[in-house]
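Below is one structure, written out as structure tokens; the observations come after it.
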Number of protein chains: 2
Amino acid sequence: MTDGRSPVMADVARIAGVSHQTVSRVLNHHPNVKATTRDRVLAAIEELGYRRNLSARALVTRRTNTLGVVAFDTTLYGPASTLFGLEQAARDAGYFISIVSLKTINRKTVGEALDYLAAQAVDGLIAIAPQVEAAAAVSALRGTVPVVAVEGGEAGGMPVVAVDQLRGAELATRHLLDLGHRTVWHVAGPVDWLEAEGRRRGWRNTLEAAGVEVPPVVEGDWSPRSGYEAGRRIADDARAGRATAVFVSNDQMALGLLRALHEARIRVPQDVSIAGFDDIPEAEFLTPPLTTVRQDFAEVGRKSIALLLDLIESGPGPEAERIVVPPTLVTRASTAGPATT
Amino acid sequence: MTDGRSPVMADVARIAGVSHQTVSRVLNHHPNVKATTRDRVLAAIEELGYRRNLSARALVTRRTNTLGVVAFDTTLYGPASTLFGLEQAARDAGYFISIVSLKTINRKTVGEALDYLAAQAVDGLIAIAPQVEAAAAVSALRGTVPVVAVEGGEAGGMPVVAVDQLRGAELATRHLLDLGHRTVWHVAGPVDWLEAEGRRRGWRNTLEAAGVEVPPVVEGDWSPRSGYEAGRRIADDARAGRATAVFVSNDQMALGLLRALHEARIRVPQDVSIAGFDDIPEAEFLTPPLTTVRQDFAEVGRKSIALLLDLIESGPGPEAERIVVPPTLVTRASTAGPATT
DNA sequence: ACTTGTTGTGTGAACGTTAACAAACGGGCT
DNA sequence: AGCCCGTTTGTTAACGTTCACACAACAAGT
């Protein structure tokens, strides 16, 4: 600071009266350093305000202490929360994180993202790869560097940490059936999203297990607008009493659907019950408050980092691990028993 | 790949029949390289799949090509969008980004975050520092490394890129007055947030300029819940006809407020008009669709990165720059003229 | 007294790049 | 021819760590 350059190990060594190697040992918590020496070194470090140069370190250790994250549309509540959880967990573990968030997912953009992270020589990679396509693209990279997929389905036998989408969908659907509804309709997410697919399967399985009719699926794209459009499509069936309960694949679409039903003068939950997925902060304050499935994104973040670090330390296990985080059902006013006609 | 290590410059040089320095020159687009030589080098790079080692490069250039970002609660729509914009802009400019997102902001956590980024020797720093406290903490670091604040108020004379909060608040308040409301109430964000303060000032200024009465401010914490509570507090005044228009400092609180008014059987916009701030994707599909102020977060991201890179390249200008991005009013069904009694 | 092992420390040599300088080459001038 | 100057290339030395090894000091066993 005072003199031109920032201090280096040799400066610390000189002040502490030891060799640079001893300083290195102190910094790396090597056991064989005498306590008094260690103290002198630490004092010198303190005095100079010394910080070790990570580039030099990375050069020789071939480890950058950086993890790469490929994410998609991080303004959505789910991905944003996952990212937040990942960042916290990585920092706690002493790793840096480098993020690429993509606007659109296809082989080209994912390929570029991986290139970008490869250029940084990340020690490991987390792919928030909720789309079939993306998961495949990431899977192709495996071998070069350890990869963990978040919400990644079973694509390509990668290690995966994911919320149990099937279970979540089952919770919501079961809940609606238990309230007495003859069947449950479904507004799904985009076909190429793994989470959408999981929720759709969980919903269908539950209906089939209960031996009830499976209504046609209405498909959306996660946006409130698409939920709104789905609502207009479902309105007629609701008025005719064919649709009395709807499980919507995320809360944003559920919000749009609520709007459409309101416009159609269909009451929730008296005429139609609605359940969503995600438990966004707004869910509790919609009209009516939304029954939904809550995901523990922070836990997903922690588990992902833990798994990735394990992969980095000890190499890949014999079997690609699949860690599942259980979701919980949050019951609110948007679901009730069907009207007794 | 095939042999143990990944290729280095010397390998490329050998294949191309030149010295490693020439390879370096090609990589750095040095002008004085013969075209044929350049082609041979590029071919060798291609053949080996060579990537340059950024740690080694950073070691000698003292530049990491990494920008640090300190953010706060990146699951909120605003910060998440800003982050997204920053990331895109940085990548386009050939920089990496390292993020720290904090759960709570105070001198300690911000200090730790800055330490963390300093350890990485970032070339520059972007602080999404929407709180007075945070802005101060970041400001203290200036001098070591170029810093740009996003939404940072005028704190400490730092260069700032921000949406014009005053103007946004003025647009919303003006709009409500123009509709014929006698005055406009306000649900504000937390006092220590600069954006909240800006919107509050813009609101107050507009009322005072119009020479109308300034109602008491109701304070929230950005959450839907606090908006809901604010709504319950305002309900009485609304019923009594004292409050016919409310400007809410963000859309999430507006959502909660809508819920509270609905419960109190107060109609929007017939009895009370509501305007929000942010234009979250949900705003259009609330009941009723929300009039709000839209911020161009992508633009803020681009401008911030541009300013920071400028600072890095050419050093600080004589004056701390302040770049302002204009917001726009989006008119929807939640605002209308007052009931004609 | 002599080995043997353990603990603490120092000495060089990497790691892979860029910076600084030097040198070879050629063309255009006196 | 001899000289100068710009272009192109090569050589050597950093950059600041960690790693591999050597070595000293000392304790404990034969």
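A, B, ... follow the sequence lines: proteins, then strands. Residue 1 opens every chain.
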Does a salt bridge link A/Glu46 with A/Arg40, judged by any charged N lying under 4.0 Å from a carboxylate O?
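Result for this pair is no, no salt bridge flagged.
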
Could you check how far [atom1] of [X] sits from [atom2] of [N], rounded to whole Å?
X: A/Asp39; N: C/dT9; atom1: CG; atom2: P; value: 11 Å
X: B/Arg57; N: C/dT17; atom1: CZ; atom2: P; value: 10 Å
X: A/His30; N: D/dT18; atom1: NE2; atom2: C1'; value: 12 Å
X: A/Gln21; N: D/dC23; atom1: CD; atom2: C1'; value: 14 Å
X: A/Asn28; N: D/dC19; atom1: CG; atom2: P; value: 7 Å
X: B/Asn65; N: C/dT18; atom1: CG; atom2: P; value: 12 Å
X: A/Arg25; N: C/dG8; atom1: CZ; atom2: C1'; value: 8 Å
X: A/Arg38; N: C/dG8; atom1: CZ; atom2: C1'; value: 11 Å

Nucleotide of [options] approaching [X] most closely (side-chain heavy atoms):
X: A/Asn32; options: C/dT17, C/dT9, D/dG10; result: C/dT9
X: A/Ala56; options: C/dG10, D/dT18, D/dG16; result: D/dG16
X: B/His20; options: C/dG10, D/dG10, C/dT17; result: C/dT17
X: A/Leu59; options: C/dC15, C/dT18, C/dT11; result: C/dC15
X: B/Val8; options: C/dG8, D/dT11, C/dG16; result: C/dG16
X: A/Thr61; options: C/dT18, D/dT9, D/dT18; result: D/dT18
X: A/Thr22; options: C/dT9, D/dT7, C/dT18; result: C/dT9

May I ask you to say what B/Thr37 touches in the nucleic acid, namely base, sugar-phosphate or nothing, with a heavy-atom cut-off under 4.0 Å?
sugar-phosphate

So B/Asn53, base contact, sugar-phosphate only, or nothing? Heavy-atom distance under 4.0 Å.
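Touches sugar-phosphate only.
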
Criterion side-chain hydrogen bond (donor to acceptor under 3.5 Å, both in side chains) on A/Asp39 and A/Thr37, from CA distance to verdict:
CA-CA 5 Å; A/Asp39 291 347; A/Thr37 314; over 6 Å; no

Quick check on [N]: is either OP1 or OP2 less than 4.0 Å from any side-chain nitrogen or oxygen of [X]?
X: A/Arg62; N: D/dT18; value: no
X: A/Ser24; N: D/dT18; value: yes
X: A/Arg52; N: D/dT17; value: no

Name the residue closer to the 5' end of DNA chain D, choosing between A/Met9 and B/Val18 according to the nucleotide with the nearest heavy atom.
B/Val18

Would you sort out whether A/Arg63 and A/Glu313 count as a salt bridge (charged side-chain N to carboxylate O under 4.0 Å, His left out), showing the intermediate values?
CA-CA 11 Å; A/Arg63 297 274 238 93; A/Glu313 299 298 331; 3.8 Å; yes

Angle class for the A/Phe72/A/Trp193 ring planes (parallel below 30°, perpendicular above 60°, tilted otherwise)?
tilted

When the ring centroid of B/Tyr116 is compared with that of A/Phe96, is the distance short of 6.0 Å?
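Yes, ring centres under 6.0 Å apart.
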
Side chain of B/Gln88, backbone of B/Ala298: donor and acceptor closer than 3.5 Å?
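No: the side chain of B/Gln88 does not pair with the backbone of B/Ala298.
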
